[in-house]
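To keep things clear, I will list the structure first and then write my remarks on it.
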Amino acid sequence: MKVVGGDGTVRDWSPDATPYMTEPLDCMGSRRYDAVIFVGPARTGKTNALVDGYVAYKIECDPGDGLIVQISEDKAREFSKKRIDRMLAYSPKLNARLSPRGHDNNVHDKTFRAGNYLGIKWPSKNVLASSDYQFVLITDYDRIEDDVDGEGSAFLMGSKRTQTFGSTGMTLAESSPGRLITNEDWRQPDGEPHMAPPTSGILDLYNQGDRRRWFWQCPQSSCRRWFMPVLETFNLGSAVAFCPHCSVEIDPREKRALNLNGRWVPEGQSLTVDGELIGTPRKTRIASFWMEGPAAAFQTWRSLADKLARAEETYQLTDSQQSLQTVINTDWGRPYKFRRATTQRSSQRLLDRAEQIEHRTVPAGVRFLTASVDVQGGRIAASSCRFTDGGRIARPGWSTASTSRKTAGRTMIARRVRSARQRSLRIGTC
């Protein structure tokens, strides 16, 4: 396959330029998987390898009907003219496979000598229904609506089209993240370090797969341990990545060598210093991959740091998070967590501030208590508040008990609690 640049330069596609694309491409040609999900920032070469490259492979080595889904009709037309047409025109072996009949090839439809067909379309009910394809390739997945014309997600609709071909069918979804984290209080599970935060779109599909992350091996001879090149292992001040095990910063000139020696590690497995993969991976027929900005072949570390610094400055000056979200999504390849205003409270932060006290004991400093009951159908919910000298209010939360509406409306059992000074305080009816 020939890669044609926007300036007209023509070069051979090489796996050495983006070594992290070799394994996803191998999975796309494997009968062990029904789908491949790839999450990564811009400038990784993911579309060039996974879409252009796979199409070239299917044309030359394993002909079959296929469909490329772009985010809109205009983008599909642009992709066809700037990517597919140029690739076919400048790749002699691929060009020889085109049908010689002029009406067989237009902007959105390509037919080849072997009879196989390639469509370059957009997400719609008509495109993703009533047709069978051996492969469906969906690009920029997070820029497509979750519900296409009321029929469901583009991925589910596309994967239905490949089921006729059994284990030879393949569905690809690739994109940089573009959706907000749905649970802002989410924390990484201890036993699932590769799991993505809860969000819709491409990272939701990634979580359904075997969750492979890209790892580098520390170049220091005294360390040689493996780590993920992510935001947490990147020094924004000096704009360089560092090993979290030995804390040594890495020279940017070593990035290419680190990528050439890098490894994909599924959830449940790890790498030894000698590069041996140990552990048990997740059992699934979806091969899912996620890498972040520091490993992107065509993105410099200085550019990553500068863009994030400018976006942070914009946020501080304008309180707008749009630029910050764009940089985190497209340059760093991470989902964005919306930042609350300082006046807003997080339920998780309130839980973190909770203090453990003895049951039915009033903390020191509390002057009086109030209690309230909310009558619901079939149950009551009770809450108490504690007031201190400084006017602070402490709410231990709601408790519920099942009872009839009639009983709840006229009865409340009085209770006694013990204060920190061993004084007896009574909560009764009002």
Side-chain angles (χ1 to χ4, degrees), residues 1-30 33 36-62 82-84 86-88 90-94 137 139 170 172 174-176 212-221 224 226-230 233-234 240-241 243 250-266 271 274-277 287-304 331-333:
M1 182 182 73
K2 300 291 185 181
V3 179
V4 185
D7 57 355
T9 57
V10 181
R11 66 182 188 279
D12 291 323
W13 182 83
S14 171
D16 290 344
T18 53
Y20 41 75
M21 289 299 170
T22 303
E23 189 168 323
L25 275 170
D26 287 343
C27 290
M28 291 180 70
S30 171
Y33 304 104
V36 169
I37 309 299
F38 192 94
V39 189
R43 313 306 300 158
T44 58
K46 57 185 184 293
T47 306
N48 188 233
L50 300 177
V51 180
D52 303 4
Y54 188 70
V55 167
Y57 166 75
K58 296 298 289 184
I59 294 171
E60 174 67 18
C61 305
D62 184 23
K82 295 177 67 174
R83 302 288 289 267
I84 301 300
R86 290 175 180 177
M87 178 186 73
L88 295 175
Y90 286 91
S91 304
K93 289 187 177 182
L94 302 181
L137 314 178
T139 70
M170 175 54 58
L172 165 77
E174 61 89 3
S175 180
S176 56
R212 307 186 197 196
R213 299 298 302 266
W214 185 242
F215 276 73
W216 283 347
Q217 188 173 28
C218 178
Q220 296 296 313
S221 58
R224 303 299 291 166
W226 295 83
F227 67 96
M228 287 188 287
V230 294
T233 58
F234 191 86
V240 294
C243 172
I250 299 170
D251 192 303
R253 291 172 294 184
E254 296 187 72
K255 176 180 172 181
R256 177 176 170 79
L258 290 170
N259 271 337
L260 287 170
N261 190 47
R263 297 279 297 276
W264 287 106
V265 180
L271 286 164
D274 296 327
E276 180 185 1
L277 199 59
S288 58
F289 303 82
W290 181 16
M291 61 175 289
E292 296 190 18
F298 308 113
Q299 178 84 278
T300 67
W301 290 349
R302 174 52 62 186
S303 173
L304 281 173
D331 291 286
W332 284 90

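Here, residue 1 is the first one in the sequence, and each next residue gets the next number.
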Output for pair (M28 CE, L172 CG), nearest 0.5 Å, gives 4.5 Å
Sequence neighbours left out, what passes side-chain hydrogen bond (donor to acceptor under 3.5 Å, both in side chains) with T22? Give chain and number order.
none
Name all residues meeting the side-chain hydrogen bond (donor to acceptor under 3.5 Å, both in side chains) criterion together with R224; count only those two or more places apart in sequence or in a different chain, and write none if there are none.
Q217
Sequence neighbours left out, what passes ring pair (Phe, Tyr, Trp, His ring centres under 6.0 Å) with F215? Give chain and number order.
H194
Can you confirm whether L258 sits close enough to P219 that some side-chain heavy atom of one is under 4.5 Å from a side-chain heavy atom of the other?
yes
Which residues pass the ring pair (Phe, Tyr, Trp, His ring centres under 6.0 Å) test with Y33, not counting sequence neighbours?
none
Looking only at heavy atoms, what is the nearest atom pair of T47 and E174, with distance?
OG1-OE2, 2.8 Å
All side-chain contact (heavy atoms from CB on, under 4.5 Å) counterparts of P294, not counting sequence neighbours:
P229, F234, E292, W301, L304, W332
For G275 and R263, the nearest pair of non-hydrogen atoms, with its separation, is O-NH1, 2.8 Å
Counterpart residues, side-chain contact (heavy atoms from CB on, under 4.5 Å), relative to A297 (two or more places apart)
T18, Y20
Could you list the residues that satisfy side-chain hydrogen bond (donor to acceptor under 3.5 Å, both in side chains) with Q299, not counting sequence neighbours?
S303, D331
Taking side-chain contact (heavy atoms from CB on, under 4.5 Å) as the definition, give me every residue that meets it alongside K82, ordered by chain and number, with sequence neighbours left out.
E78, R86
For A295 and W214, work out which heavy atoms get closest and say how close.
CB-CD1, 3.7 Å
Sequence neighbours left out, what passes salt bridge (charged side-chain N to carboxylate O under 4.0 Å, His left out) with D274? Give chain and number order.
none
Is there a side-chain contact between V10 and V4 in this structure, where contact means two heavy atoms from C-beta onward sitting under 4.5 Å apart?
yes
Kindly indicate, with the supporting measurements, whether the criterion side chain to side chain contact (heavy atoms under 4.5 Å, CB included) is fulfilled by V36 and F289.
CA-CA 8 Å; V36 169; F289 303 82; 4.1 Å; yes
Contact list for residues 50-59, test side-chain hydrogen bond (donor to acceptor under 3.5 Å, both in side chains), sequence neighbours left out:
N48-D52, D52-R83, K58-D62, K58-Q134
So, does S91 use its side chain to make a donor-acceptor pair with the main chain of K2 at under 3.5 Å?
yes
Could you tell me which residues satisfy salt bridge (charged side-chain N to carboxylate O under 4.0 Å, His left out) with K255, sequence neighbours excluded, listed by chain and number?
none
Counting N and O atoms only, with roles assigned by atom type, does the side chain of K46 sit under 3.5 Å from a partner on the main chain of M21, one being a donor and the other an acceptor?
no
Partner residues of P19 under the side-chain contact (heavy atoms from CB on, under 4.5 Å) criterion, sequence neighbours left out
N259, L260
From CZ (R43) to OG (S176), nearest 0.5 Å:
12.5 Å
Exercise: identify the closest heavy-atom pair between P24 and L50:
CB-CD2, 3.8 Å
Quick check: closest heavy atoms across M170 and S30, and the distance to 0.1 Å?
CE-O, 4.3 Å
Among F227, W216, W226, find the residue that satisfies the side-chain contact (heavy atoms from CB on, under 4.5 Å) test when tested with C243.
F227
